[in-house]
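What's counted below: heavy atoms across the whole structure, side chains too, no hydrogens, waters or symmetry copies. Note on naming: letters A, B, ... go to the chains in the order of the sequence lines (proteins, then strands), and numbering restarts at 1 for each one.
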2 protein chains.
Amino acid sequence: MFASKGFAGVSLRDIASAADTKAGSLYYHFASKDELVEAVLRHAIEEMHQHVRDAVDAAADEGAAGRLKAAISAHTESVMERTDYAKALLRISSQIPDDVRERHNKHARAYGEYWGQLFNDARDEGAIRVDLDLTLARLLVLGAMNWTVEWPASLWSPESITSTLNKIVFEGIGTDDVDEEAVRALH
Amino acid sequence: MFASKGFAGVSLRDIASAADTKAGSLYYHFASKDELVEAVLRHAIEEMHQHVRDAVDAAADEGAAGRLKAAISAHTESVMERTDYAKALLRISSQIPDDVRERHNKHARAYGEYWGQLFNDARDEGAIRVDLDLTLARLLVLGAMNWTVEWPASLWSPESITSTLNKIVFEGIGTDDVDEEAVRALH
DNA sequence: GTCTATAACTAGATAGAC
DNA sequence: GTCTATCTAGTTATAGAC
């Protein structure tokens with residue numbers, strides 16, 4: 001509900017009703033709407049982080065570039081279909097009260113640093129070109145994935161999306177002129 | 001205000017106050033909050049479209065790939081620093097009332113089709129590899145740009161961002177193994 | 001733990017003076 | 001065109017019964 005109507009656009013009555021209870025009852029579990037949304041965002045980031053970490057661990061023996069690709073697939077899955085928590089996180093984290101957002105950002109930083117490590121490892125392995133600002137590259141790639149939350153009901157499977165994204169991220173959309181010349185030269 | 005607090009999070013009193021007027025006075029100009037936000041979104045999309053079109057026209061003689069790069073730079077500028085309208089558009093267009101969003105989407109489709117044309121032209125020119133779903137590629141690239149609206153006050157200049165993004169989009173972040181083998185083979 | 005009732009306030013919108 | 005005043009309905013949050 002937060003994802004589709006925004007933080008202020010959802011009332012505690014709406015939430016209570018969806019949970020088959022009454023607004024007053026929510027106050028037994030949460031002291032305020034702010035605390036409720038904070039719990040939602042915290043759950044979202046932990047769930048995403050865990051899903052990505054699992055995918056990365058499963059690709060442990062594929063090298064740093066392989067692990068990064070696995071992370072990209074897992075994060076995209078989280079955003080697109082795994083859970084409404086991820087969608088809410090991405091859509092409302094910029095429009096919640098300042099103090100909630102500050103606490104959330106603190107909590108979310110660990111996830112960002114985890115991604116930083118994935119990119120660093122891949123570069124140290126020699127899989128990423130060295131003429132890029134790696135932080136900027138990371139933010140842009142994460143942005144491409146995060147924005148899928150704004151897509152209408154998707155026409156594509158998560159697999160086709162992640163495979164296309166991984167191709168673009170690692171190889172680009174361009175026809176590699178140098179490569180084609182080299183290939184021609186070889187024949 | 002819509003960008004930072006969401007559609008429902010901003011009251012007409014807030015808006016009126018920022019415009020040095022009173023809430024009641026807004027009703028002389030707009031019949032409802034819905035109509036007001038619809039005007040904001042319409043202005044935003046037209047402004048963006050115009051800015052990108054200007055940049056593309058200025059790059060008219062650079063080939064389709066050059067025009068696409070110019071569009072990427074211009075769109076990113078629009079999102080990051082040109083105007084609050086663009087930020088509002090990107091942040092709230094998914095959380096406005098259904099009928100407003102439907103009318104807005106209709107209006108926004110022209111901009112999406114303009115981007116489709118840019119990508120098609122670049123591929124027809126031979127600048128984009130043919131093994132990609134071009135619509136998907138377009139949405140992912142636009143997503144990377146759009147998500148910059150969620151970045152905190154940027155540590156990077158728009159120029160460094162667009163240059164990095166254009167590099168990633170066209171060439172990828174990967175070290176091109178095939179290329180290096182080919183180059184070695186040539187020597 | 002959940003309920004009803006309600007307090008205290010704010011929302012969008014309207015009416016009518018100027 | 002803008003103002004003040006106000007209506008109606010909805011908001012978060014609390015109090016107290018069960």
Side-chain angles (χ1 to χ4, degrees), chain A residues 1-47 84-85 87-107, chain B residues 1-46 84-85 87-108:
Chain A
M1 300 170 84
F2 282 134
S4 59
K5 305 184 80 179
F7 172 67
V10 182
S11 73
L12 294 176
R13 281 174 179 79
D14 294 336
I15 294 172
S17 160
D20 267 317
T21 183
K22 304 288 174 174
S25 308
L26 295 177
Y27 284 86
Y28 177 80
H29 303 277
F30 303 97
S32 66
K33 189 184 184 185
D34 286 6
E35 278 199 14
L36 185 150
V37 78
E38 192 170 341
V40 168
L41 298 187
R42 173 174 309 214
H43 179 81
I45 200 100
E46 283 174 0
E47 194 178 52
D84 289 332
Y85 283 94
K87 294 189 209 294
L89 165 69
L90 296 175
R91 278 199 171 150
I92 70 170
S93 63
S94 67
Q95 57 184 237
I96 53 183
D98 289 345
D99 55 325
V100 178
R101 196 176 56 253
E102 274 164 36
R103 282 193 295 278
H104 166 69
N105 284 345
K106 221 169 184 175
H107 206 255
Chain B
M1 299 171 84
F2 281 134
S4 58
K5 304 184 81 178
F7 172 67
V10 182
S11 72
L12 294 177
R13 284 169 179 81
D14 294 336
I15 294 172
S17 159
D20 267 319
T21 183
K22 304 289 174 176
S25 307
L26 294 177
Y27 284 86
Y28 176 80
H29 303 277
F30 303 96
S32 66
K33 189 184 185 183
D34 286 7
E35 279 200 12
L36 186 150
V37 77
E38 191 170 342
V40 167
L41 298 186
R42 173 174 308 214
H43 178 82
I45 200 101
E46 284 174 359
D84 290 332
Y85 284 94
K87 294 189 211 292
L89 166 68
L90 295 176
R91 279 199 172 149
I92 70 171
S93 63
S94 67
Q95 56 184 237
I96 53 182
D98 288 346
D99 55 326
V100 177
R101 195 177 55 253
E102 273 164 36
R103 284 193 295 276
H104 166 69
N105 285 345
K106 220 170 187 174
H107 206 254

Enter the distance from [X]:[atom1] to [Y]:[atom2] here, rounded to the nearest 0.5 Å.
X	Y	atom1	atom2	result
A:D84	A:F2	CG	CZ	12.5 Å
A:R91	B:R91	CZ	CZ	13.5 Å
B:Y85	B:H43	OH	NE2	5.0 Å

Worksheet item: Of B:V37, B:V100, B:V40, which meets side-chain contact (heavy atoms from CB on, under 4.5 Å) against B:F7?
Response: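 By the side-chain contact (heavy atoms from CB on, under 4.5 Å) criterion, B:F7 pairs with just one of B:V37, B:V100, B:V40: B:V37.
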Write down the protein N/O and nucleotide N/O pairs, taken from nucleotides 10-12 of chain D, whose separation is under 3.5 Å; answer none if there are no such pairs.
unit_1	atom_1	unit_2	atom_2	d
D:dT12	OP1	A:K33	NZ	3.2
D:dT12	OP2	A:L12	N	3.0

Worksheet item: Got more than 12 heavy atoms from elsewhere within 6.0 Å of NZ, A:K87?
Response: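 Yes.
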Item to complete: Give me the first and last nucleotide of DNA chain C, going 5' to 3', that has any atom under 4.0 Å from a heavy atom of chain B.
Response: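 Listing 5' to 3', DNA chain C meets chain B from C:dA11 to C:dT14.
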Worksheet entry | side-chain hydrogen bond (donor to acceptor under 3.5 Å, both in side chains) partners for A:S93, two or more places apart |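 Per chain and number, A:S93 pairs via side-chain hydrogen bond (donor to acceptor under 3.5 Å, both in side chains) with no residue.
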Item to complete: Could you pull out all residues at least two apart from A:D20 that satisfy salt bridge (Lys or Arg N to Asp or Glu O under 4.0 Å)?
Response: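 So A:D20 forms no salt bridge (Lys or Arg N to Asp or Glu O under 4.0 Å) with any residue.
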Practice prompt. Kindly state each residue pair satisfying side-chain hydrogen bond (donor to acceptor under 3.5 Å, both in side chains) with at least one member in residues 27-42 of chain B, sequence neighbours excluded.
Written response: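 side-chain hydrogen bond (donor to acceptor under 3.5 Å, both in side chains) check on residues 27-42 of chain B returns B:E38-B:R103.
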Worksheet item: Residues from residues 91-101 of chain B sitting under 4.0 Å of DNA chain D, heavy atoms only?
Response: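 Heavy-atom cutoff 4.0 Å gives no residues at all.
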Worksheet item: So, are A:D98 and A:R101 salt-bridged, with charged N and O less than 4.0 Å apart?
Response: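 A salt bridge is present here (some side-chain N lies under 4.0 Å from a carboxylate O).
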Worksheet entry | A:D14 (side chain) donor-acceptor with A:S11 (main chain) under 3.5 angstrom |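 At least one qualifying donor-acceptor pair exists.
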